Every structure is written in C-alpha cells, then in structure tokens.
Amino acid sequence: MDATQNYLLNLLIEIDTICKKYDIEYFVDYGSTLGAIRHEGFIPWDDDIDINMTEENYYKWVEACKKELDPKKRVYGDGRVDRDFPGVFGRYIDVESLRISSNFAFWKPICGQSIDVFYLLELPGDPVEKQKMIDLYYAYDEYANSSYRHYRYKNQVIMDLYNKFRRWERFVGKKAVLRHLEKKIFNKHYDDCDTYIVTSARKYGPSSIAPKYLYDTVYYADFEGHKFPISGRYAEMLNYYYGDDWNILPYEKKHHSQMSHSGISCDDYVSDYMRLLNERKLKKERQKAKHLMVEEGYKIANHLRNVYDKLAKAELLKIENRIKNENIDINSLLDPTDSEKLQKLDSIFADYYKRQLDFSVRYWEYYLDIGEDLFYAAIFNLIYTHNDFTSVSKIMKLRDIAGIPMNDRLADLWNIILTSRKIKAAMVYKDYDKAEPMIYEAFKKYPHCKEFKLYKLEIMTLRAETDDEYMAARAYAKELLEEYPNDDRCIKCRGDIALALGNKENAVKYYNKVMKKSRNGMLHLEIKKIMEALK
C-alpha cells in the first residue's frame, strides 16, 4: 500500500469498529469490492474506499457518529446532516489530514482524507411508480447539490422537476423545499421492492440503480490482511456494476482527481485562503454558475441526441451500401464454424462497433439503431468471432434504455450471456457441483461458443481425480490451444494439469507465461497463491 491507501485502511477499520459496536450492517462496495476479490486489497492504483448500507442502517450510523466522533479529529457529513455539505451521500472524514479536490476546496470539513458512505433507498416494484421515484430522486439530487451532478441525464421530466423546485424556492426558501422533497423520498418501505437507488446518484460508472438481491447477504472478504463485509453476491454485483470482464485488468488505469497530503490539517489549509474570500458571495456565485450548467447540460443532451441519430443513419447507410455493392448475403455469414465467413462479417461491422462503443456515445446513452437483422448479425459476430460479452452487454443496455423490445432470435444470443454469467458466478464461488451441469448443458446447446469450451476445460481440470481424467483434460487443452493460440485460461489449465501429474517444472513454465501475457486479474491471484505454496 502507498501512504494514502494505508491512511484510508485505518479509517475503514475505525468505521468497522463503530459498526460492530452499534450492530450496523454495511458493505465495502464498488471498486473496493473489486479490489477485495481481484487483488485481496486495494486495486493497486486506486486511492478510494466506498461503503454502502441500507437506509435503516444509515440512520443508526448517523446516530452512532454523533456519539462516537470527536469533531476535532473526525466528522461525518452529508447534505441532510449539514445543509452546507455539497453532497446528498455522506463522507467519513479525518479533519486532521488533507485531501485536495478542486470541487470541494472551500468547504472545510470535506477536504480531509475520507471514505464515501452511500446508502440504499427502496424503490416501489411497480415500473411506473418506480420510474417516477427515480426521476424525482435525480431531480432532487441535482437541486440539493451545490455542484453540477448529472452531466448526461437531462431529459424533459427531470428538467421540469428541477425548475419546479427552483420556483418553489422563491416563495419558501431552499431548506423548506428540501424538507418537503425529503419527506417524499426518504424513509420509505415498499412490500414489492425489488430495486434500490443508491445515493451516489451516478450516471456513469457503477449504476445507481441496483437489484435488491445484490445486498441480501454478506460475505467477509480478505482486504489488506483484514476481513471486511462485502455483498454475499459479489460475483453478480461485480458483473452488474463493471461488466462481464470485471476480472480483467484494464489497459488504462483510472485514478481519482484528488491530490493527497497527510501532513496538513483541514483547518490549516482552509483558513489559509478563506480569510481572503467572501464565503457568502462565493457560494452564491457558485450556485448561480451551477444553475447555468444544468441548463446548458440539458441543451447539450438534446443536441447530441440529434447528432447521434444522424450517426446511426450514416452507419446503416454505409453497411447497406456495402452489402448491396458486394452482393452479400448476411445470413450466409452467420456460421460459427467458418473463420473466413466470420472475418468478413467482422469487417462489415467494424466501423459500427467503433461508433456504438465509443465512450462519448455510451456516455450519453445513445443506441445507434441499424435495424433488427443487421443488429442480430452484429451481436452474433461479437459473441462468436470475439467472445466479447462485455461489448454485447454495453450495446444491449443502450438498446434497453432506448425501449426496444427483445425478439426471440436475439433472445437466444442474449441467453448465451446470461448463462455465462451464472456459470461464472458458480465458478467464482467454487460451487462446482452447481457449475458442472450448467457448463455441459451450455456446451451442448452452444458447442461453438468459445466461452463454454473454456468452461468445459476448466471444469474437466478441476474435477479430474485420476491420471486418465487429467490426460483427457490435457488433450482437450491442446485441442483448444490449436484453435485459440496463447489463450491464458487454456495455458493456466495446462499448468494445473502438469502440477497435478507431478511435473512442477512444466507447471511453473505455464504459470509464468500466464503472468507475463495475461490481463486476467483472477488468474494472477490464483497463480500467485500456487507459486507461494510451491516455494
């Protein structure tokens, strides 16, 4: 750990101690859960810890902080506890330290080293009522915060609500408006609740709308030599928040924007420059600028919808012209056993993928509609040519947001993704009795899908007991490596088989190859443990 990570770990230990004392259930969440499972600690380049708790536990937490915290050392703040605090979700803050961020500099308590504290609000099960509550919460969150929040989600419903709140404010004041809204939003229970909205209110990154089942159970995970609670459904949770490739190390390592300093207190830092500023005027001007940004965001969102609509038409025209000029029968290319056909299919949709999966297009949640038949072919290609379930999931999410229903043909492809997720969860939990029949059933139904071939090899290796069974697994691994040269999961299985057959030297060679070439963080973690045991 670096100095910042070590500092944050100590704060998390303090939180854990308070929660145990007052019987408060919480979850280490988001990237911190990813770090716990993929690295058994911090994601190496991360400098942040998030926790989450149900609303019932949140109220217990607030009361516990009132009793336990020495305000000269630690404070807990959120917009409902302190109206000057620039956030609806909370932060557990060490005011004896400093963590600079351009967004929060002049608020004294918020610039210390801190851990974000989110909580889970119940949503009604009825789809119409659920959407009303989601819209109300996003509008409330934007209105309550002094900083600009929802960079993309500026639809007409939310803008109308936001402007309505501002009109009320002229007559009764902002605090009265907030009190009225909070009575409608918080401390609600719905018997048919199947979904939470998280007070992070994110519109990019981990979703703020979460299935309730993700937080039904608790698992105590290893994290930097300690045990902390995470979701008992962590495999499903990580898949939901981070996609089907959550176990893969990214090419670009994401960092938070803050610069961290441990030798200066909040008071020293803030008092040094606030004596030169008019705080009341500063906040007033900041609020004015915020309102202008909200209005600008709404205009940008509408403008980009028109831009992306034209992009979709351009991509469709480009694909149709090529099909016509080359007299291509798309359906004849949908053959998972013919690499030449798949290669041609891939070339047809290469530009479409670049457009649809471009960060800007996904950021603004726009689906480039190319028609049902071509879309099916594009998804077929991602699955059978690339084994790229993450891209499929991203595009399907945009399609769902656009409100386009699933047809039966596409549903069969989507079933490959859903089945893979169930198998992956069972494998991560080491529930091989559950995984094995699912793997063989999936392989039987989709014999040409690379993912199910790999799962078949992995379960053969894991379940092998006799030399003959290991030899059968080795033969299948060789067969797959002919089809998929240098596949890291195949090579890892070759190492496991060699080790089981007593060939330690060969096993280490295979493991070293995976460590050198692979970006699969879970394989790295497994191999590190094996190599340590071999010493």
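Computation of the quantities below employed the complete heavy-atom set of this structure, encompassing side-chain atoms and omitting hydrogens, waters and symmetry-equivalent molecules. Computed from a predicted structure; not experimentally measured.
Residues Val294 and Lys290 form a side-chain contact, since some pair of their non-hydrogen atoms from C-beta on lies under 4.5 Å apart. Put simply, the side chain of Phe375 reaches to within 4.5 Å of the side chain of Tyr352, judged on heavy atoms. Side-chain contact check for Leu123 versus Lys212: every heavy-atom pair is 4.5 Å or farther apart. At least one side-chain heavy atom of Leu357 sits less than 4.5 Å from a side-chain heavy atom of Arg362.
Distance alone, capped at 3.5 Å, places no donor-acceptor pair between the Gln113 side chain and the Thr4 backbone. With Thr33 contributing its side chain and Val28 its backbone, the two residues share a donor-acceptor pair below 3.5 Å. Checking side-chain atoms of Arg519 against main-chain N and O of Leu249 turns up a donor-acceptor pair under 3.5 Å. Although no hydrogens or angles enter the test, the distance criterion places no donor-acceptor pair under 3.5 Å between the side chain of Arg355 and the main chain of Val361. Checking side-chain atoms of Ser231 against main-chain N and O of Met237 turns up no donor-acceptor pair under 3.5 Å. Checking side-chain atoms of Ser97 against main-chain N and O of Asp94 turns up a donor-acceptor pair under 3.5 Å. In this structure, Arg399 contributes its side chain and Pro405 its backbone to a donor-acceptor pair below 3.5 Å. Listed for the Asn145 side chain is a donor-acceptor partner under 3.5 Å among the backbone atoms of Asp141.
Ring-centre distance between Trp61 and Tyr76: below the 6.0 Å cut-off. Between Tyr162 and His291, the distance separating the two ring centers is shorter than 6.0 angstrom. Under the 6.0 Å cut-off for aromatic ring centres, Phe27 and Phe228 do not qualify, their centroids lying 6.0 Å or more apart.
With no hydrogens or angles considered, no side-chain donor-acceptor pair links Tyr196 and Thr54 at under 3.5 Å. Between the side chains of Glu142 and Tyr138, no donor-acceptor pair is found at a separation under 3.5 Å. Inspection of the Asp244 and Ser393 side chains reveals an N or O donor paired with an N or O acceptor under 3.5 Å. There is a side-chain donor-acceptor pair under 3.5 Å between Asp135 and Gln131. With no hydrogens or angles considered, a side-chain donor-acceptor pair links Tyr22 and Glu68 at under 3.5 Å. In this model, a donor atom of one side chain and an acceptor atom of the other lie less than 3.5 Å apart for His189 and Asp191. Neither side chain, Tyr298 nor Asn163, offers a donor N or O lying under 3.5 Å from an acceptor on the other. A side-chain donor-acceptor contact under 3.5 Å links Tyr215 and Asp29. Side-chain atoms of Glu14 and Tyr92 include a donor-acceptor pair closer than 3.5 Å. Judged purely by distance below 3.5 Å, without hydrogens or angles, the side chains of Asp16 and Tyr26 pair a donor atom with an acceptor atom.
Here Lys529 pairs with Glu40 in a salt bridge; the nearest charged N to carboxylate O distance falls below 4.0 Å.
Smallest separation of non-hydrogen atoms from Gln5 and Ile43: NE2-O, 3.5 Å. When all heavy atoms of Ser518 and Leu523 are compared, the closest pair comes out as OG-CD1, 4.3 Å. Closest heavy-atom contact between Leu410 and Asn407: N-OD1, 2.7 Å. Taking every heavy atom of both residues into account, Val392 and Ile383 meet most closely at CG2-CG1, 3.9 Å. Scanning all heavy atoms of the two residues, the minimum distance from Pro229 to Val218 falls at CB-CG1, 3.5 Å. Looking at every heavy atom in both residues, Asp78 comes nearest to Gly90 through CB-CA, 3.4 Å.
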### Task
List the steps, then state whether side chain to side chain contact (heavy atoms under 4.5 Å, CB included) holds for Tyr242 with Tyr30.
CA-CA 9 Å; Tyr242 295 102; Tyr30 303 121; 3.4 Å; yes
### Worked verdict on Glu63 versus Lys66 for salt bridge (charged side-chain N to carboxylate O under 4.0 Å, His left out)
CA-CA 5 Å; Glu63 293 305 311; Lys66 290 177 183 177; 3.1 Å; yes
### Task
Report the C-alpha distance between Met522 and Met427 in whole Å, list the side-chain angles of each, state the deciding distance to 0.1 Å, and finish with yes or no for side chain to side chain contact (heavy atoms under 4.5 Å, CB included).
CA-CA 12 Å; Met522 296 298 285; Met427 294 290 277; over 6 Å; no
### Task
Start with the C-alpha distance between Val88 and Tyr140, add both sets of side-chain angles, then the distance that settles side chain to side chain contact (heavy atoms under 4.5 Å, CB included), and finish with yes or no.
CA-CA 9 Å; Val88 174; Tyr140 158 79; 4.0 Å; yes
### Verdict with reasoning, Lys72 to Glu96, per salt bridge (charged side-chain N to carboxylate O under 4.0 Å, His left out)
CA-CA 8 Å; Lys72 293 181 180 179; Glu96 295 181 302; over 6 Å; no
### Message
Let's go through Asp309 and Tyr366 carefully: what are the C-alpha distance in whole Å and the side-chain angles of both, what is the deciding distance for side chain to side chain donor-acceptor pair (under 3.5 Å) to 0.1 Å, and is it a yes or a no?
### Response
CA-CA 8 Å; Asp309 186 52; Tyr366 196 87; 3.2 Å; yes
### Task
Report the C-alpha separation of Asp222 and Lys227 in whole Å, then their side-chain angles, then the decisive distance to 0.1 Å, and conclude whether the salt bridge (charged side-chain N to carboxylate O under 4.0 Å, His left out) test is met.
CA-CA 5 Å; Asp222 292 318; Lys227 292 280 190 181; 2.9 Å; yes
### Query
Please walk me through it: do Val95 and Asp267 pass side chain to side chain contact (heavy atoms under 4.5 Å, CB included)?
CA-CA 8 Å; Val95 295; Asp267 282 338; over 6 Å; no
### Task
List the steps, then state whether salt bridge (charged side-chain N to carboxylate O under 4.0 Å, His left out) holds for Lys132 with Glu129.
CA-CA 5 Å; Lys132 285 181 181 178; Glu129 294 303 313; 3.6 Å; yes
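Atoms CG and CG, on Asn247 and Leu238 in that order, are 9.5 Å from each other to the nearest 0.5 Å. Expressed to the nearest 0.5 Å, how far CG of Asn6 lies from CD of Glu224 amounts to 9.0 Å. Remark: Tyr7 OH to Asp2 CG distance equals 13.5 Å, nearest 0.5 Å. The structure places CG of Asp268 at 9.0 Å from CG of Leu98, a figure rounded to the nearest 0.5 Å. With values rounded to the nearest 0.5 angstrom, Ile209 atom CD1 is found 8.0 Å from Thr195 atom OG1. Remark: Gln356 CD to Ser391 OG distance equals 10.5 Å, nearest 0.5 Å.
When each of Lys164, Lys174, Glu169, Arg166 is tested with Tyr143 by the rule side-chain hydrogen bond (donor to acceptor under 3.5 Å, both in side chains), just one qualifies, namely Glu169.
Considering only residues two or more places apart in sequence or on other chains, Glu236 meets the side chain to side chain contact (heavy atoms under 4.5 Å, CB included) condition with Tyr213, Leu214, Arg233, Ala425, Tyr429. For Asp194, the side chain to side chain contact (heavy atoms under 4.5 Å, CB included) criterion is met by Lys130, not counting sequence neighbours.
Dense packing is recorded around NZ of Lys60, with more than 12 heavy atoms of other residues, nucleotides or ligands lying under 6.0 Å away.
The aromatic rings of Phe349 and Tyr353 lie tilted to each other, with the angle between the two planes from 30° to 60°.
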